[in-house]
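Counting starts at 1 for both ligands and their atoms, in listed order. Count residues from 1 along the sequence.
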Amino acid sequence: MPKFLIEGNAKLSGEIEVKGAKNAALKIIPATLLSKEKININNLPDIEDVNRSLELLKDLGGFLKHSKNSCEIQAEKITKNELNPEIANKLRASIMFVGPLLARLGEVKFPHPGGCVIGAGTRPIDLFLEGYGAMGAEIKWKDGFYHIKAKRLKGCAYFFTTVSVTGTESLMMTAVLASGTTILKNCAMEPEIGALADFLNGCGAKIKGAGTPTIMIEGVKELKGGTFNIIPDRIEAGTFAIMAAATRSKLKITKCNPGHLEILLSMFKKQGIGFSSGEDWLEIKPAKVIKSYSIKTHEYPGFPTDLQSPYTVLMTQAAGSSLIHETIYDRRLLFTDMLTQMGADIIMCDPHRVVVNGPTKLAGRKLTSPDLRAGIAIIIAAFVAEGKTEVDNIYQIDRGYENIDTRLSSLGAKIKRIE
Ligand code: EPU
């Protein structure tokens, strides 16, 4: 199994470019199934999750021409109504194919989506199923598969009792070809939802309100093709900003949208972490003293759960105590045990809350990456630490960060991939 060998006491310098957003690409790829015409996608991140999603699309019969950071897709004919279980079992975002398949074929069969260890047990899809039901679909569970059928999807009114990013996106794309109007309430407001709506509207959909709690979708008969650019990955940009702050480095982050990181940058101001920014760049300056600051993860525009793990590492280097309150996922703080092994002073209050006392020295260790975001957090901790760190199970990191070792090496970091 490949692993990373990392040397500590790292200082980064120079510029790093942010890639296209994983969590936008993973919705736009399945959404291409809603059109029979040719669709070009640019600024596609070259990461494992995107590659799995493209494999799933190809397996369904979609025509695909894929180069590193772009692809051409045409789903004129879809030859299968069943998601390949081998891929779907590895990828939570496989659920995003269900709505478009249902809209195009009137029938879809799929296993419970897998691929993630951060939620309690298997992460639920009850909101998706309820929403398809509200649009007139019939749902059955048999022999380990969901079977969903709908002769013709019809518009509906649906209120999300839990705010869900993929839930919002899934019902939004399912409603695009339904008859009549759909009104979704208490929707998630993440920028990736606006990006998906822009893509669909660019193909002829009629969606209003994406990025607000209420989204209205007027069904249309068909979608056209087009060319679309994936928005910059705000989580990657935020991760690099935190990495620079934790290693006291001067780093320019380019091709990003600082407007999507308002909460992090507002906190940096209070913590004594200097930065300057423009429309599509952000430069972090080395801080002498970082002040601790507590966080509570929240849906956008609140503090993103996907930045919680890197931020927790940053707090081990900040002066004072901070409470990290993870409200979205039950298992996302378990990785802090690894930081404790590296020398951090962290007290777990309960599965959702830890107190970090800083600053502490960290020391390199042999560790295993439990999930994508904890994996990159361990890399940040390894850069801050004294000595060498070995990180195993780096597939988890490759799922979401393109060529991370090469890109960080170009900033002066010592990180080596051992195949
Ligand atoms: N939930 C339900 N029922 C559902 C769906 C969700 O109870 O049917 C609950 C979840 O268990 C969770 C809460 O709703 O407690 C919110 O989860 P959400 O559905 O918003 O998460 P998601 O849509 O599955 C997306 C991102 C995650 C990111 C979250 C929160 C994608 C592919 N994934 O997940 O990204 O953490 O939103 O912002 O867009 C990552 O990139 O590392 C990652 C995990």
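- In this structure, Tyr300 has no heavy atom closer than 4.0 Å to ligand 1.
- At a threshold of 4.0 Å, the pair Lys90-Glu86 does not count as salt-bridged, since none of the basic side-chain nitrogens sits closer than that to a carboxylate oxygen.
- Side-chain atoms of Tyr401 and Arg373, non-hydrogen and from C-beta on, do get closer than 4.5 Å to each other.
- In terms of N/O distances under 3.5 Å, ligand 1 is not approached by Glu169.
- Contact between Lys22 and ligand 1 is present, with at least one heavy atom of the residue lying under 4.0 Å from the ligand.
- Using a 4.0 angstrom heavy-atom cutoff, Glu299 does not count as in contact with ligand 1.
- Using a 3.5 Å distance cut-off with no hydrogens or angles, the side chains of Asn84 and Glu55 do not pair a donor with an acceptor.
- The contact set between ligand 1 and Arg373, taken as ligand atoms under 4.0 Å from a residue heavy atom, comprises 40 (C), 41 (O), 42 (O).
- Between the CG atom of Leu44 and the CD1 atom of Ile28 there is a distance of 9.5 Å, given to the nearest 0.5 Å.
- For ligand 1, the atoms sitting less than 4.0 Å from at least one non-hydrogen atom of Val165 are 18 (P), 19 (O), 20 (O), 23 (O), 25 (C), 37 (O), 38 (O), numbered in the order shown with element in parentheses.
- For atom 26 (C) of ligand 1, the candidate residues are Asp49, Leu307, Asn23; the nearest heavy-atom contact is made by Asn23.
- With ligand atoms numbered from 1 in the order given, ligand 1 contributes 30 (C), 36 (O) to contacts under 4.0 Å with heavy atoms of Thr305.
- When only modelled atom types and interatomic distance are considered, Ser309 and Thr312 share no side-chain donor-acceptor pair under 3.5 Å.
- Within the structure, ligand 1 has Val163 among the residues with a heavy atom less than 4.0 angstrom away.
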Show me the donor-acceptor pairs within less than 3.5 Å that the side chains of residues 235-242 make with the rest of the protein, sequence neighbours left out.
from   : atom 1 : to     : atom 2 : distance (Å)
Glu236 : OE1    : Lys19  : N      : 2.9
Glu236 : OE1    : Arg407 : NH2    : 2.8
Glu236 : OE2    : Arg407 : NH1    : 3.1
Thr239 : OG1    : Ile235 : O      : 2.6

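- Aromatic pair Tyr311/Phe303: centroids less than 6.0 angstrom apart.
- Considering Gly302, Ser309, Pro124 only, the shortest heavy-atom separation from atom 11 (O) of ligand 1 involves Pro124.
- Considering every non-hydrogen atom in both Ala75 and Leu33, the closest pair reads CB-CD2, 3.7 Å.
- Distances below 4.0 Å separate heavy atoms of Thr162 from the following atoms of ligand 1: 14 (O).
- Distances shorter than 4.0 angstrom occur between a heavy atom of Arg332 and an atom of ligand 1.
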Intermediate values then yes/no, side chain to side chain donor-acceptor pair (under 3.5 Å), Arg332 and Thr305: CA-CA 8 Å; Arg332 256 203 172 157; Thr305 169; 2.8 Å; yes
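- Below 4.0 Å from some heavy atom of Ile328 lie the following atoms of ligand 1, by number and element: 12 (C), 15 (O), 16 (C).
- When the options Leu129, Ile193, Asp306 are ranked by their closest heavy atom to atom 36 (O) of ligand 1, first place goes to Asp306.
- Legend: side-chain hydrogen bond (donor to acceptor under 3.5 Å, both in side chains) pairs involving residues 256-265, not counting sequence neighbours, sorted by first then second residue: Asn257-His260.
- A salt bridge links Asp398 to Arg417: at least one charged side-chain nitrogen sits closer than 4.0 Å to a carboxylate oxygen.
- Of the N or O atoms in Leu26, none lie within a sub-3.5 Å distance of an N or O in ligand 1.
- Residue contacts with ligand 1 for Ile125 involve N, CA, C or O but no side-chain atom from C-beta outward (heavy atoms, distance under 4.0 Å).
- Within the 4.0 Å heavy-atom shell around ligand 1 one finds Lys27.
- Only the side chain of Leu372 comes within 4.0 Å of ligand 1, counting heavy atoms alone; its backbone N, CA, C and O stay farther away.
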